[in-house]
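Here is the naming used below: chain letters follow the sequence lines, and residue numbers restart at 1 for every chain.
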Amino acid sequence: MKRSSFTAPLYLAGVFTLAGIAGAAAQTTADLNKDQNTPGDVLVYGMGPHGQRYSPLTRINKDNVKRLVPKWSYSMSDSNGAEAFPLVANGMIYTTNHISTVAVDALTGKQVWKVTHDYPPEILRIVCCGIVNRGAAIYEGKIIRSTLDNHLIAMDAKTGKVVWNVQSPGISAETGYSMTGAPLVADGVAVVGVAGAEFGIRGFLEGFDAATGKHLWRQYTVPAAGEPGHETWAGDSFKVGGGSSWVTGSYDPELDLVFWGIGNPAPWNPRGRKGDNLFTNSVFAVRPKTGERVWYYQTSPEDPFDYDAVQTPVVATIKVENKPRKVVMQANRNGFLYVLDAANGKLLAANAYDKMNWADGVDMKTGRPNTTESFKKALAGENVTIWPSVTGSTNWQHMAYSPKNGNLFINVIHVGMTYQAPEPPKNLAMGKPTGNGTVKRTTVYDDPNVLGFLKAVDPMTGKAKWSVPYKSPNFSSTMVTASDLVFTGVMTGEFQALDAKTGKLLWSFQTPSGIVGQPITWEKDGKQYVTIMSGIGGVYAMRSGDPNLVNVPTGASLWTFGLFDK
Amino acid sequence: MKIFPALTSLALGAFISTSAAADDAAMIEAGAETFSTYCATCHGNNLESSGQTFDLRKLRASERGRFQNSVTKGKNQMPPWQGVLSEDEIESVWRYIRANAYEK
């Protein structure tokens, strides 16, 4: 840039104009890092880089939550699952689905812009678990999202104009890859993961320059020949090893570490891939600028049960042996609630938070699960009854953490299965199915009227302070406020607020479809609002055949609630 | 614990000793496997729909053509499977669906 040709006043004017275009409150790294403490906007997936889904707002509280009413609703013109995390900035709400990105006026619900991202229909052959997208990131005036055909697209937050559009290099739907997760911008790098462990991918996590879209790094989750961990795969089984990264992680600016959960090994049938299958079913801590893996912790070695470790690791400083310690917490699909030291991945606690029989605790020295006879029989191809089912004790739905009352709020799936791994599949290849069809299973219930719970769980013990049963499991994420309200959605459409101290239901509103979305809260002009998407879909609704859902219509919509104005 | 209709019909099949019936049972079992691999994602484990996508058990014997068309060309959110599933595989899925259909 030639500065010498500008006169001083003109140069200054130029700077002002640029600032105006980028938005007076461009979302800088500093803004993203302090997002949890600035409730006027919601800039980062999980309501802040720590992913706590905790808001300091208290205007809506136990005394007045009964007066919560819808302010507006907005149609996504879509019959697929509405799983996206809405963002709030510049007086707008930004959200996504599989085929579009929208900006809606936060106070009126009127659409400001909409961008559609068409893709070839063949892509849907390799989408295992719902035709969905889980949201966008915002960074310096740009809305950044991934697409099913593995593009990362940045749009101007004011106009929707596409600023850059890049494809994840060297991968395609033909080889089983797709993207459904929201990017996480950490220190100017848009970190994204891939789906496809049900289609024989070799998984990875990768980073793009959030300003330009330039591809910066890729960290594979399944080691190639000669790389550490390769010896944990029998024969050539690593070639279709899975290890997806389909759920968004979290970030701690102080440690400069991105925490990201890694998915299941492929195929589901374990008999042809003897060994620990590193680094599937692990929690990764990586440097956002380089992708360097600083530590990892594997939760389910040699996994027969699709126990992805993809749940967002939640960062918090909690008391461990009476000393404050920065940890990451993960309510794992395998039924254990893990607490790890955020700096080095050291295991601090691992306790069951729901029914399980594949393991009997975790060895605190080695970090390995103490697997049971049932687990060993499953590996040997015998028919066994296993808790939890392949859907997990949690799936992708996010828990919330209240630093105020110290509990995690977890939507738990309470379903088991009969399971058998027949002769291992032959002719496996990238892009060919490696999931459901490779094992035989049926669903098992304790009580057909209780397939899920919302639990308030102590991180260090896994014990529930309270537990509320639900007929179908909630696939909505939770959110908790400083006024001790927990928000969640229900598969049959109810949007609910519960007392964080007791679990008592305080408020409920029937939305037009089932909820599998992510609640957020924000404030504007001295008023607090709560926003969520409604729209049934995703893995449970499509696969389970749950008779409780037969009268739940499809239809995605975005809702914002506020207190009734007298 | 639930007992699935697919398993029931397979069990019944075992009592019928003609070879034609045995062939049909094998075809249905192959169809169940193909269904589990490619179709259960949207149409439900063991054909059990929870109502948000088309319940394949509603297909009637006369709708083989409609079924073929949807499978090979795709429909609404359903991708086309031409070139992925063979004619034999499509036929086996059809037999599996018909074995579990509401209207025999």
Side-chain angles (χ1 to χ4, degrees), chain A residues 78-81 98-99 120-131 173 198 385 390-391 416-418 422 425 431-446 448 472 491 513-514 535-555, chain B residues 1-11 26 28-58 69-86 89-90 92-93 96-97 100-102:
Chain A
D78 183 22
S79 60
N80 292 286
H98 65 112
I99 198 148
E122 289 80 6
I123 293 283
L124 298 176
R125 291 173 183 164
I126 53 106
V127 175
C128 76
C129 304
I131 304 164
E198 278 62 49
T385 298
V390 290
T391 310
M417 62 180 171
T418 66
K432 297 273 185 286
T434 53
N436 196 47
T438 69
V439 300
K440 297 194 183 304
R441 63 195 171 83
T442 61
T443 304
V444 173
Y445 308 133
D446 273 343
S472 298
M491 271 287 180
S513 179
I536 196 168
V539 64
Y540 185 81
M542 295 176 102
R543 273 184 182 277
S544 70
D546 185 338
N548 186 37
L549 306 180
V550 292
N551 284 310
V552 180
T554 58
Chain B
M1 169 124 44
K2 297 166 74 176
I3 296 169
F4 294 103
L7 297 176
T8 316
S9 55
L10 283 175
I28 290 167
E29 194 175 346
E33 197 162 310
T34 302
F35 177 87
S36 172
T37 301
Y38 294 97
C39 318
T41 289
C42 297
H43 293 286
N45 292 325
N46 307 294
L47 290 162
E48 295 188 332
S49 165
S50 54
Q52 287 72 43
T53 49
F54 183 70
D55 185 343
L56 293 167
R57 294 169 295 184
K58 287 180 181 169
N69 203 42
S70 296
V71 172
T72 54
K73 295 182 179 151
K75 185 179 180 185
N76 300 326
Q77 295 291 342
M78 179 170 168
W81 292 98
Q82 185 120 48
V84 177
L85 295 180
S86 68
E89 285 172 318
I90 295 171
S92 73
V93 173
Y96 170 60
I97 291 168
N100 293 282
Y102 296 119

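- Using a 4.5 Å cut-off between heavy atoms, B:Thr53 touches chain A through its side chain atoms alone.
- A donor and an acceptor atom, one from each side chain of A:Asp546 and B:Ser50, are nowhere located under 3.5 Å apart.
- In terms of the ring pair (Phe, Tyr, Trp, His ring centres under 6.0 Å) criterion, residue partners of A:His98 (sequence neighbours excluded) are, by chain and number, A:Tyr119.
- Only the side chain of B:Tyr38 comes within contact range of chain A, with heavy atoms under 4.5 Å apart.
- Between A:Asn436 atom CG and A:Arg441 atom CZ the span is 4.5 Å, to the nearest 0.5 Å.
- By number of non-hydrogen pairs under 4.5 angstrom with chain B, the leading residue of A:Leu549, A:Val127, A:Thr434 is A:Leu549.
- With chain B as the partner, the residue from A:Ala541, A:Gly514, A:Gly437 showing the most heavy-atom pairs under 4.5 Å is A:Gly437.
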**Report entry** side chain to side chain donor-acceptor pair (under 3.5 Å) evaluation trace for A:Asp78 with A:Asn80
**Finding:** CA-CA 6 Å; A:Asp78 183 22; A:Asn80 292 286; 2.9 Å; yes
